[in-house]
Each structure stands twice: as structure tokens, then as C-alpha cells.
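Down below is the structure, laid out as C-alpha cells.
In what follows, chains are A, B, ... by sequence order, proteins preceding strands, each numbered from 1. Every heavy atom of this structure was used, including side-chain atoms; hydrogens, water molecules and symmetry mates were not.
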Amino acid sequence: MTIASFPVTAIFDWYDRHGRSLPWRRRWPELAPAYHVWLSEIMLQQTVVATVIPYFLDFTRRWPEICDLAAAGQDEVMAAWAGLGYYARARNLHRAAGIVCAEHEGRFPADVEGLRRLPGIGPYTAGAIAAIAFGRHSTVVDGNIERVLARYFAITTPLPAAKAEIGARYDEILPSERPSDFPQALMDFANAVCTPRNPGCGACPLAGGCAARRAGTAEALPVKAPKKTKPQRRGIAFVAIDSRGRTFMETRAERGMLGGMLAFPSAGWTPDDGVYDPENPFASAPFGADWRMAGETVSHVFTHFSLTMDVALAEHDGAGPPENWHPVRPARLPTLMRKVWTVARRQL
DNA sequence: GATCCGTGGGC
DNA sequence: TGCCCAAGGAT
């Protein structure tokens, strides 16, 4: 097996000219603080840069060091994460902060094996932190780098089976110089030039050696498994408000949808929250009240299903355990619940 | 390996 | 409008 050739210099040249400036980014030989690298990498999992930036700035302002984050309440962290999605990331983030602060004197492990043991850090994130924060020559393969390498080497094995081969190629082309810049350069480049659709092959500095370009198959790679169709679900959310303007909300179970997040009581849209019969909409109400239906519904699309949510309303005092009455105005809610509140507040 | 887990932007 | 997708991880 010959070592794959890859124009590393062209990638670095592109990065030096077009690489983005980001709040968590430094340029070799400077290395960004591991706390910033870790926080940004967790936020960037399946999430675009533009969405992450304001959350990153907010988190680092609230909690400048990792032990500040570790000392925060879980509810505080979840509220700050509200709207970013994939809420298990926030729970694991807080857990990992506690471990690093308590067991590692606030310093992150500097190698892949140590990082990999922390909750929320998988193969990609461990490699990324080791490279970007510690200058290690670790394997860093995300969706962007998968795409570039699958095209450059014309790898036609479908994902995720192709991951092993792509990882091996990455290790072969990894240069000795600028180990913290290399994966970031590849990701920036893939994001701006080697895009999923309409890749910019015409102006691509890698076009000369790209096997997919030569074969005319760039846009068809990487090959992915076909998607499943999304089922349509229907549910109901109950919004009650008391005479002091407080609404009845609960903290959801850590398992399942919107785990650990503040939410209006609801039914019918996850496997564990009971049945919803639209013919008898108030049967699953959290407590007895003079419930009425709002005049409109909420539509929301999740990763694996689409949801139509009915909204029930009531003015009510004294229902439910007092500790579950949360003031809604300052609360940060997951987007579905924010939509429910938008509908409800117009009619309460 | 397959499934679950959010959200917003681009086309 | 509907579909695609994005710096994945846990189970």
C-alpha cells in the first residue's frame, strides 16, 4: 500500500487566504485554550458555525473558566443551551466540566485516550481537541473531511462503512507541520469550496489531483444510505397561567425528547407520555381546570418525525406542586415549547 | 450497525 | 413547500 499523496500545501495556502476568524480559533503556533476548543466542538456537533457563535460567546461570558461552568446549576446550563438542540450535549457538557474540574484540577487530558473517557466526547471530538488545543497529530474526521477525502480518493463505499478507510487516508496525508491548523483548514475548505451540492470544482486548488473530479462524480460522493420517511405525529400541550402570571411547567425526564429541559406538560407525541385522543383532548390534562383549545396548532419538525401540536389553555390557581410553577417570561425554552408559548400568550 | 436525538438555513 | 443537511455521541 503506497502512501496517499495529497496537496497539503494547497490546503494551507487556501486557509491562510480564506480561513475564517472565529471566537474560539487561534493560528499555529498559538493554541486556543482547551476549554474554548472543547466548548466549541461540543456546540458544533451537527450544528453550523453561525448558530454556535452567539451561544459560545454567551457561555464564555457567563462561565469564563471550566470550573465556573462546573459550579453552575444544571438547570442554569440547560436554560443557556435552550434553542441549540440535542440537549444530551448540555447534560454531558456539565458532567464533563465537573469531572475535569474535580478530578483533573481543571485541566483537560491532552491525549485522545483521556479525552475519549469524558461524557459527550466521541472519536471525532477527542481527535479535534487533541489536535487543536494540544497540537497532537491525532485523527480528525468529521462530515466535512469525510466529504473531501471521499471525493479526492474517489471512495465509493457508502457511509458509515467507509469511515475506517477515510480515517486511514487521513492518517496518511496528515502533515507534520501545523497540526492544529490542518483539520480546521480542511473543514473550512470543505465548508466553503468542497460543498455537498454544487461543489466549486472550477476554482478548487485540489482539482488537479482529485479522483472524483477526474471521474466527474464529485457531487455524487460520499455515498450515503437512503433516508427513511418521517412519520407524522400529533400531540397536545397544556398551558395554564395563574393570577400572578406564572405558568405550570415541568422539567422533562433526562431520557427521550427534550430531555432535562423545561417544558409545558404534554401528551401523545413521544412513546412514554401517554395517548392523545383528539376527540377527547383534555383526558391527558395534568390537572383539572377549565381547559379550552387554542385556535391554532403548532407545527415542528424533529430529526425523525414531524409533529402537529394542539394547544390547550386555562387560567388556574393552585394546581400542581408549587415548585413546578415557573415564571415563563425569563425562561429559555426548547423551540417547540417556545412555539407553544407564542400561540398561548396571544389568547391568555 | 441501527436508532434516537433539535434546529435553522439553503435551495 | 418540502427536502437536504451540519465541526456526532450514546445506546
Side-chain angles (χ1 to χ4, degrees), chain A residues 19-20 22 24-25 32 36-56 78 81-93 95-96 115-129 131-133 139-148 157-164 167 170 182-192 194-198 219 222 224-233 252-261 263 269-272 299-307 333-339:
Chain A
R20 304 181 59 178
L22 298 170
W24 52 84
R25 176 169 287 176
H36 287 187
V37 175
W38 165 71
L39 179 60
S40 66
E41 288 298 342
I42 301 298
M43 289 182 167
L44 285 163
Q45 288 169 5
Q46 299 291 286
T47 310
V48 295
V49 167
T51 300
V52 164
I53 288 173
Y55 282 88
F56 176 85
M78 300 307 286
W81 195 275
L84 248 195
Y86 286 141
Y87 297 101
R89 292 185 295 172
R91 297 195 304 274
N92 288 330
L93 184 86
R95 286 177 51 207
L115 290 162
R116 189 67 183 74
R117 295 190 197 100
L118 294 170
I121 296 184
Y124 161 74
T125 304
I129 297 172
I132 298 170
T139 307
V140 186
V141 180
D142 75 321
N144 286 302
I145 296 177
E146 277 178 354
R147 187 170 61 253
V148 173
T157 307
L159 287 169
K163 280 177 178 291
Y170 183 90
F182 186 63
Q184 299 185 86
L186 273 179
M187 289 188 277
D188 265 26
F189 167 79
N191 189 265
C194 196
T195 52
R197 281 168 299 183
N198 303 316
E219 194 162 5
K224 296 184 177 180
K227 306 210 171 355
K228 300 171 61 177
T229 60
K230 280 181 198 202
Q232 177 72 227
R233 297 188 190 171
R252 294 178 59 82
E254 297 213 339
R255 285 289 180 104
M257 297 295 301
L258 312 183
M261 297 300 290
W269 64 286
T270 72
D272 300 321
S299 295
H300 195 71
V301 180
F302 289 106
T303 303
H304 55 292
F305 64 94
S306 298
L307 175 63
L333 302 174
T335 297
L336 169 65
M337 296 299 160
R338 187 169 52 71
K339 290 179 178 177

| Within the structure shown, what part of the strands sits under 4.0 Å from L22(A) by heavy-atom distance: base, sugar-phosphate, or nothing? | base
| request: Could you pick out which residue, P123(A) or K227(A), lies toward the 5' side of DNA chain C when each is mapped onto its nearest nucleotide? | output: K227(A)
| field | Selection from dG8(B), dC5(B), dG8(C) that lies nearest to any side-chain heavy atom of R338(A) | value | dG8(B)
| Which whole number of Å gives the distance between the P atom of dG9(C) and that of dG8(B)? | 22 Å
| request: Indicate, yes or no, whether a donor-acceptor pair under 3.5 Å links the base of dG8(B) to the side chain of T47(A). | output: no
| request: In whole angstrom, give the distance that lies between atom CZ of F302(A) and atom C1' of dA6(C). | output: 18 Å
| field | Short side-chain to backbone donor-acceptor contact, R89(A) and I42(A), under 3.5 Å | value | yes
| message | What's the closest nucleotide to the side chain of Y87(A) if the choices are dG9(C), dC5(B), dT7(B)? | response | dT7(B)
| request: Find the distance E41(A):CD to dA6(C):C1' and express it as a whole number of Å. | output: 13 Å
| field | Minimum-distance nucleotide to Y86(A) side chain [options: dA10(C), dG8(C), dC5(C)] | value | dG8(C)
| query | Looking across every strand, which nucleic acid part, if any, lies under 4.0 Å from V49(A) by heavy atom: base, sugar-phosphate, or nothing? | reply | base
| query | So which nucleotide from dG8(C), dG6(B), dG9(C) ends up closest to the side chain of L258(A)? | reply | dG6(B)
| request: State whether H300(A) places a side-chain N or O below 4.0 Å from either non-bridging phosphate oxygen (OP1 or OP2) of dG6(B). | output: no
| field | Given dG10(B), dG9(C), dT7(B), the nucleotide with the shortest approach to the side chain of P334(A) | value | dT7(B)
| request: Ignoring backbone atoms, establish whether T51(A) has a side-chain N or O less than 4.0 Å from OP1 or OP2 of dA6(C). | output: no
| field | Any donor-acceptor N/O pair, S40(A) side chain to V37(A) backbone, under 3.5 Å | value | yes
| query | Nearest nucleotide by nearest heavy atom, which residue falls closer to the 5' end of DNA chain C, W24(A) or L118(A)? | reply | W24(A)
| remark: Of the listed dC5(C), dG9(C), dC5(B), the closest approach to the P196(A) side chain comes from dC5(C)
| When we call it a touch if two heavy atoms are under 4.0 Å apart, what does R147(A) touch: a base, just sugar-phosphate, or nothing? | sugar-phosphate
| request: Return the nearest nucleotide to the side chain of K228(A); candidates are dT3(B), dG9(C), dG10(B). | output: dT3(B)
| task | Please work out if I42(A) contacts a base, only the sugar-phosphate, or nothing of the nucleic acid, heavy-atom cut-off 4.0 Å. | result | nothing
| request: Could you work out which one of dA6(C), dG8(C), dG6(B) sits closest to the side chain of K224(A)? | output: dA6(C)
| message | From CE of M261(A) over to P of dC5(B), roughly how many Å is that when rounded to an integer? | response | 15 Å
| What nucleic acid atoms does P119(A) come within less than 4.0 Å of, heavy atoms only: base, sugar-phosphate, or nothing? | sugar-phosphate
| query | Tell me: CG of N92(A) to P of dA10(C), nearest whole Å? | reply | 6 Å
| task | Describe, in one word, how the ring planes of W269(A) and F302(A) are oriented to each other, choosing from parallel (under 30°), tilted (30 to 60°) and perpendicular (over 60°). | result | parallel
| query | Over how many whole Å does the gap from Y124(A) atom OH to dG9(C) atom P extend? | reply | 8 Å
| base_contact_polar (dG6(B) base, T303(A) side chain, donor-acceptor, <3.5 Å) | yes
| query | Which part of the nucleic acid, if any, lies within reach of M257(A) when heavy atoms closer than 4.0 Å are counted: base, sugar-phosphate only, or nothing? | reply | sugar-phosphate
| Okay, side chain of D142(A), backbone of Y124(A): is any donor-acceptor separation there less than 3.5 Å? | no
| query | If only atom types and distance count, is the side chain of E219(A) paired as donor or acceptor with the main-chain N or O of N198(A) below 3.5 Å? | reply | yes
| task | Kindly point out which of dC4(B), dG6(B), dA10(C) is positioned nearest to the side chain of H304(A)? | result | dC4(B)
| field | Length of the line joining R89(A):CZ and dG9(C):P, which is rounded to integer Å | value | 11 Å
| request: Identify whether any heavy atom of V301(A) sits under 4.0 Å from a base atom; if not, whether one sits that close to sugar-phosphate; answer base, sugar-phosphate or nothing. | output: base
| field | Comparing R197(A) and G83(A) on DNA chain B - which has the more 5′ nearest nucleotide | value | G83(A)
| field | Any R255(A) side-chain nitrogen or oxygen under 4.0 Å from OP1 or OP2 of dC4(B) | value | no
| query | To the nearest angstrom, how far is R233(A) atom CZ from dG6(B) atom P? | reply | 12 Å
| field | Under 3.5 Å donor-acceptor, T51(A) side chain and V49(A) backbone | value | no
| said: Under 4.0 Å, heavy atoms only, any strand: does S40(A) hit a base, just the sugar-phosphate, or nothing? | reply: nothing
| task | Measure from CG on N191(A) to P on dG9(B) and round the result to the nearest Å. | result | 15 Å
| request: Name the orientation class of the two ring planes belonging to Y170(A) and F182(A) (parallel below 30°, tilted from 30 to 60°, perpendicular beyond 60°). | output: tilted
| Between R233(A) (side chain) and S306(A) (backbone), is there a donor-acceptor pair under 3.5 Å? | no
| field | Selection from dG6(B), dG9(C), dC5(B) that lies nearest to any side-chain heavy atom of Q46(A) | value | dG6(B)
